[in-house]
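For clarity, every value in this text was computed on a predicted model and none was experimentally measured. Quick note on labels: first sequence line is chain A, next is B, and so on, each numbered from 1.
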Amino acid sequence: MTRWGPGAAILAALLAGCPGGGGGGDAPRVLVYARGQDSVKLDPADITDGESAKVTACIFDTLVRFQSESTEVEPSLATSWETSEDGLSWTFHLREGVRFHDDTGLDAEAVVWSFRRQMDPAHPARAPEATFQYWADMFGDVVQVEALDPRTVRFTLSRPSAPFLANLAMFSAAVASPRAWEVHGAAGFATHPVGTGPFRFVEWRPGERIALEGFAGHWEGPPRADRLVFKPVSDNRVRLELLRKGDVDIMDGLDPVDLAGVRQDAGLRVVEQPGMNVAYLAFNNQRPPLDDPRVRRALAHCIDKASIVENLYFDTAVPAVNPMPPIVWGHADDLEDRRLDLDEALRLLDEVLPGRPALTLDVMSNARPYMPEPPKLAIYLQRQFEKVGVRCEVREHDWPSFLQLTENGEHQLCLMGWIGDNGDPDNFLHVLLDASNARKGTASNVSFYTGEEVHRLLDEARGLRDERARAALYQDAQRLIHRDCPMVPLVHATQVVVVRKGVEGLRLHPTGQTRFKDVYTVP
Amino acid sequence: MGSVERRALRRLGRMPSAWAGGLLVGCFLAVAAAAPALAPHDPVRGDERERLTPPGVGGHPLGTDALGNDVYSRVLHGARTSLAIGLASVALAAAVGIPLGAVAGYAGGRLDALLMRGVDVLLAFPGILLAISIMSVLGRSLGWLCLAVGVVGIPAFARQVRAGVLAERALDYVQAARALGARWPRLVFATILPNCLGPIIVLATLGLGSAVLEAAGLGFVGLGPEVGTPEWGSDISLNRNLFQAAPWAVVAPGVAIAAAVLGFNLLGDALRDVLDPRSS
C-alpha cells in the first residue's frame, strides 16, 4: 500500500489552496505529480534512474539542452559554442546574468567545478560514496575542462566524439552551485541540490514527497506554477484514484488496460508522446540453432507486431521495424518489415531444422517502461512459435537475476528493451548490437551479435561529426542488421501521462524528462 | 469387505457433509479425467484478438482471458494440473512419511528421536514458506512443484503413522505375531500398518485439499508449473490486474480452487468421523 496518509492529504489540500480562490487570486498555484517510486538521490551527476532525473531536471540547467519535443540540441546556459578543426576541443560561451538559487552568479569557474568533481577522483567536493556512473559511460573521452575567462569554458577530448554535444544536454551534465557544497558539505548536497533551474529545492521527505518552489530569478523568467510536488504512490490503481479525486494533478505509470476508462472520463486528459525506447526479442546468436540466420528469420516471421500493439499494449505502442525508434535521426524509414508469415517460417525451418529442437525464452517478471507485462508477451511468443512446431519453454526471473543471466549469455531467447539517453543513434545501435558490447559478463548486446560490417560502420560513424554522413552509415548498418536478424525489434512503447482537467501546458519529452516550467492549472 | 468397513460405509452414507464432499470431489475427478473431451477450446492456443470476451459471447461460456484463451477450458484443464499435483505430492508425502513414521514408532529410542527431530525440522517451517524456498531454488516446473508440495506434506504422515504404530505395538496381536517369529519389517508393514490405515486415508484426503491450495498459492506467486500451463493459481495471478475489466478471468479459477478444496475438506472430515473417531 501507499504511504499516502491523512497527513499528506491535508498537506496537499493546504498546498492546493482554497478551491474558491481561483481566477488569478493570491492562492499559490501548486502542481502535484504522482509517480510509482521516490527519487534515489538528487545529485544530478550521481544518479542513473529516471525518477531521480525527473526532479533534478527541474532544479538544474545544462550548458545545452534538448528542444522541447525532439533530441535536437539548443542553447541553454551556453548561448553559443564552437569546435576546433580536429574535433578535440569544444568552447562554450556562457549566458550573461544567470543566478543560482543561492543568489551566486553563474560563471565559468562554477561550470568547471561541476564537471571536475565528476572527472577527478581526488576532487575535494566529491562524496566518498559517489560513483558518477554516467561520467564514465558518456564522458570518458573528456581529458580537460578549463575556464578561459569568466564567460568561456573549454572541453578537451582525447578523440573526436560525435555524441558529445548531445551528452552535454543530459541530466548528468547539470551545472551545480559550488557554494552549496560549502554550505551543505559533500554528503549534504545529494539532499540539498542547488542549481540555476526553474524550480528551487524546498524539502524532501523520503517516501512521502519532494517539494520544489518556482524560482523567480530564472533566466527564462519564472515558471507558471508556484510549487511543484513529487509524490511517490506505488500502486497504479491508487494513483489513478487520487487523480480522479483531485488530490494530485498529474500521474504516470498507468496500467494500459485502464487507458480506455481514463479516455472516457471527462475529468481526465491523457498526454502521450512516442517513447525513445525499444522492446525486442533477442536471439543469442552464438548458441545453436540460433546461430543460423534462417532460423532467426523464421522465428521473426511468426510474430504479429500489430496484434502485440493492439492486444498486449492496448495501443500504447507502435510496431518497431528497427532497433531504434523513428523519432531518432538516422532511422532507416525505407526498410520493409518482416511480416507475419507462418508458411514462410515453416518453409525456412523445414529447410534447416527438420527435427525441431526445443528452445527456452527468458523473461523478467516485472514491468518495464517499454514492456508493461513481460510474462504475457512471452506466452504470446510461445504460442506463436508452437504454430510452426517450435516448442519454447518460458522462464521467468526477477530483474537483477535476469540482467545477470542475459549479460552472461546464458539464454537462448530473451525479451529485452532499451530506453535511449541522448537521442543519438549510437546510443541504440552501438549499445545493443556492436561486437564490442558482446563480452560475456558485461554484455549490453545480449543478442551477442558480432557482425563485422556493422561493427565497422558503427565505429566509423562514431568518429564523424557531420550528422548527414553519420545518418547514412547508421542506415546502412540498420539494413545489414535487418538482413542478419540478430534480434526482432517488437515495439516502441508510448509514454503516457494522465492529467486532471485544467492542467495545461504539459509536454512529454522523448527522453522521459518533462519540462514543468510551462505547466499550469486553470480553475 | 469386512463388517467393520461395511458399517463405516453405511455411517458415511448417512452424513450430508460426506455427500456434499463426495459430490464435489467426484466432479473434480471427473472433470480432471475428461478435461480434453469436455473443454470446448484448446486451453493454450487462443487468439489474442479475442481477448477479454465476456462470458457467453462467441462460444466462450466463461469468457476469455488477457491472451484470448477460453477461461472455461483453462479451468477444466487446470483441474487436471491440480489433480496431478495433488496425487503426486500426496503419494510422495505418504511414500516417505509412512515408512519414516512406522520405523520410528516401532524402533523407539535413539532412532525414533533422530527421525522425529528431522521431521520436527521440516515442521518448523510454515508449509507454504518451505515450498516457496524449494521452488525458488529449483525453478518453476510441474515436477518440482509436486516435490515441493510433497515435502511439505511429509511431517503430517510421519507423525500420524508413528502415533498409530506406538499405540498398536504393545497390543496382544503384535506380541503374538512376534512370538511366532515374525521379523520387524513384516511386523511393522504387514501386521501393524494395516490397522493404522483409517487415519492415513483421512490424512491423504485432507492432504489432497491442502496440496491443491498450496499449488495454487505457489502458482499465484509465480512459482507454479511451466509458464503457460493451465493452472488455477497462475491464471489468477496473470489476470488479476484485469479484475475490473474482466472479472470472470479471475473469479472462475478462484471458484474452482474453493470448490475443490472444500470438497476434499468435507469428505476428509466425514471420513475422520467414521474411520478415526478418537481424533474427532
Atom of A:Ser307, atom of B:Arg49 and distance for their closest heavy-atom approach: OG-CG, 4.2 Å
Proximity breakdown for A:Asp304 and chain B, heavy-atom pairs closer than 4.5 Å: side chain
Over 12 foreign heavy atoms within 6.0 Å of CD, A:Gln404: no
Exceeds 12 heavy-atom contacts within 6.0 angstrom, atom CZ of A:Arg500: yes
Where A:Glu373 and B:Leu238 come nearest, the two heavy atoms and their spacing: OE2-O, 4.4 Å
Which atom of B:Val227 lies closest to which atom of A:Ile379, heavy atoms considered: CG1-CG1, 3.4 Å
Within-4.5 Å side-chain heavy-atom neighbours: A:Leu312 and B:Leu67: yes
Atom CZ of A:Arg391 with >12 non-hydrogen neighbours under 6.0 angstrom: no
Closest non-hydrogen atom pair between B:Asp47 and A:Arg383, with its separation: C-NH2, 3.9 Å
Atom pair CD/CZ of A:Glu386 and B:Arg45 - distance to nearest 0.5 Å: 4.5 Å
Whether over 12 other heavy atoms sit under 6.0 Å from A:Phe314 CZ: yes
Closest heavy-atom pair and its distance - B:Leu242, A:Lys376: CD1-NZ, 4.0 Å
Trace of the side chain to side chain contact (heavy atoms under 4.5 Å, CB included) decision for B:Gln244 with A:Asp255: CA-CA 12 Å; B:Gln244 286 180 342; A:Asp255 261 342; over 6 Å; no
